[in-house]
Amino acid sequence: MKRLAFKMHLNEGQKEEYKKRHSELWPELKQLLKEAGVNEYSIFIDEETNTLFAFQKLSSNGGSQDLGQTEIVKKWWKFMADIMKTNTDNSPVSIPLEEVFYLE
C-alpha cells in the first residue's frame, strides 16, 4: 500500500466551516476517491499556522491529487476556494511531503 502526504493552507477562522463541508462530503466525490484507490484519507490541522496536513493510503499509483481533470473535483475545488489558499484553477495550493520515517 502506497502512502501519500501533503499540506495545504486554510484561511483564518475557517476551521469549523472546513470541518462542516467535509462532514457532508458529496457521495459522488467519495465514490470517485474510492474508485481511484484512495483507501484511507485523513486531514489534520495545525491551528497555530492554519496548515492542513493530509495523509492517504493508496492501492494505486495515483491519489486525490490526480483527479483534477474530473468535473466533480473541479466543482469541489470551486466550493472550497473561499476558505483556503488556492491556485488560479481553484485547486488547493498543495505541497507534497517527503516521507522520512515509517514504523510498521
Side-chain angles (χ1 to χ4, degrees):
M1 183 103 20
K2 181 179 171 185
R3 293 174 311 280
L4 175 72
F6 53 95
K7 65 181 181 176
M8 301 171 287
H9 188 82
L10 191 61
N11 294 340
E12 184 71 33
Q14 297 298 320
K15 176 185 158 189
E16 292 307 316
E17 182 62 24
Y18 188 86
K19 286 172 62 175
K20 178 184 180 299
R21 292 181 190 187
H22 279 78
S23 72
E24 301 168 352
L25 187 67
W26 305 333
E28 60 270 30
L29 182 53
K30 189 182 290 189
Q31 181 66 31
L32 177 65
L33 290 167
K34 293 288 185 186
E35 289 172 359
V38 179
N39 295 309
E40 291 184 34
Y41 191 169
S42 299
I43 303 173
F44 302 85
I45 186 168
D46 174 352
E47 293 189 61
E48 280 185 39
T49 63
N50 288 315
T51 299
L52 298 167
F53 166 77
F55 173 79
Q56 299 175 357
K57 282 189 177 179
L58 311 168
S59 62
S60 66
N61 288 331
S64 66
Q65 304 297 289
D66 299 324
L67 300 173
Q69 72 284 359
T70 65
E71 287 306 311
I72 190 64
V73 170
K74 289 178 186 178
K75 185 178 172 184
W76 179 257
W77 287 349
K78 186 175 180 181
F79 177 60
M80 297 298 291
D82 64 322
I83 64 170
M84 59 192 310
K85 287 189 179 176
T86 60
N87 297 302
T88 56
D89 64 354
N90 287 327
S91 64
V93 173
S94 177
I95 301 163
L97 298 173
E98 176 185 353
E99 184 174 348
V100 295
F101 175 77
Y102 177 66
L103 176 67
E104 188 167 14

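As a basis for the values below, the full set of heavy atoms in this structure was taken, side chains included, without hydrogen atoms, waters or symmetry mates. In this chain, residues are counted from 1 in sequence order.
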Is any side-chain heavy atom of [X] less than 4.5 Å from a side-chain heavy atom of [Y]?
X     : Y     : result
Ile72 : Leu67 : no
Glu40 : Arg3  : no
Leu58 : Asn39 : no
Tyr18 : Leu52 : yes
Ile45 : Asn50 : yes

To the nearest 0.5 Å, what is the distance between [atom1] ([X]) and [atom2] ([Y])?
X     : Y     : atom1 : atom2 : result
Lys85 : Ser94 : NZ    : OG    : 13.5 Å
Lys78 : Asn90 : NZ    : CG    : 7.5 Å
Thr70 : Lys75 : OG1   : NZ    : 11.5 Å

Ignoring hydrogens, what is the shortest heavy-atom contact between [X] and [Y]? Give both atom names and the distance.
X      : Y      : value
Pro92  : Met84  : CB-CE, 3.8 Å
Tyr41  : Ile43  : CE2-CG1, 3.6 Å
Trp76  : Leu25  : CH2-CD1, 3.7 Å
Ala54  : Met8   : CB-CE, 4.2 Å
Glu104 : Tyr102 : CB-CE2, 3.7 Å
Trp77  : Gly68  : CH2-CA, 3.3 Å

Would a single hydrophobic cluster contain both [Y] and [X], if residues Ile, Leu, Val, Met, Phe, Trp and Tyr are joined by side-chain heavy-atom contacts under 4.5 Å?
X     : Y     : answer
Trp26 : Ile83 : yes
Leu97 : Phe44 : yes
Phe79 : Leu29 : yes

Open item on the list: Under the rule for ring pair (Phe, Tyr, Trp, His ring centres under 6.0 Å), what residues qualify as partners of His9, not counting sequence neighbours?
Closed with: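 None.
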Open item on the list: Donor-acceptor pair, distance only, cut-off 3.5 Å: does the side chain of Asn87 make one with the backbone of Asp89?
Closed with: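 Judged by distance alone, no pair lies under 3.5 Å.
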Task: Ion pair check, Arg21 and Glu17, cut-off under 4.0 Å - done: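 Counted as a salt bridge, because a side-chain N and a carboxylate O are separated by less than 4.0 Å.
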- [ ] Before accepting this row, confirm whether a basic side-chain N of the pair Lys20/Glu16 lies closer than 4.0 Å to the acidic partner's carboxylate O.
- [x]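 Result for this pair is no, no salt bridge flagged.
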TODO: Give a yes or no on this: more than 12 heavy atoms of other residues, nucleotides or ligands lie within 6.0 Å of atom NZ of Lys74.
DONE: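 Yes, enclosed.
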Task: Glu12, CD: over 12 other non-hydrogen atoms inside 6.0 angstrom - done: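 Incorrect, the count does not exceed 12.
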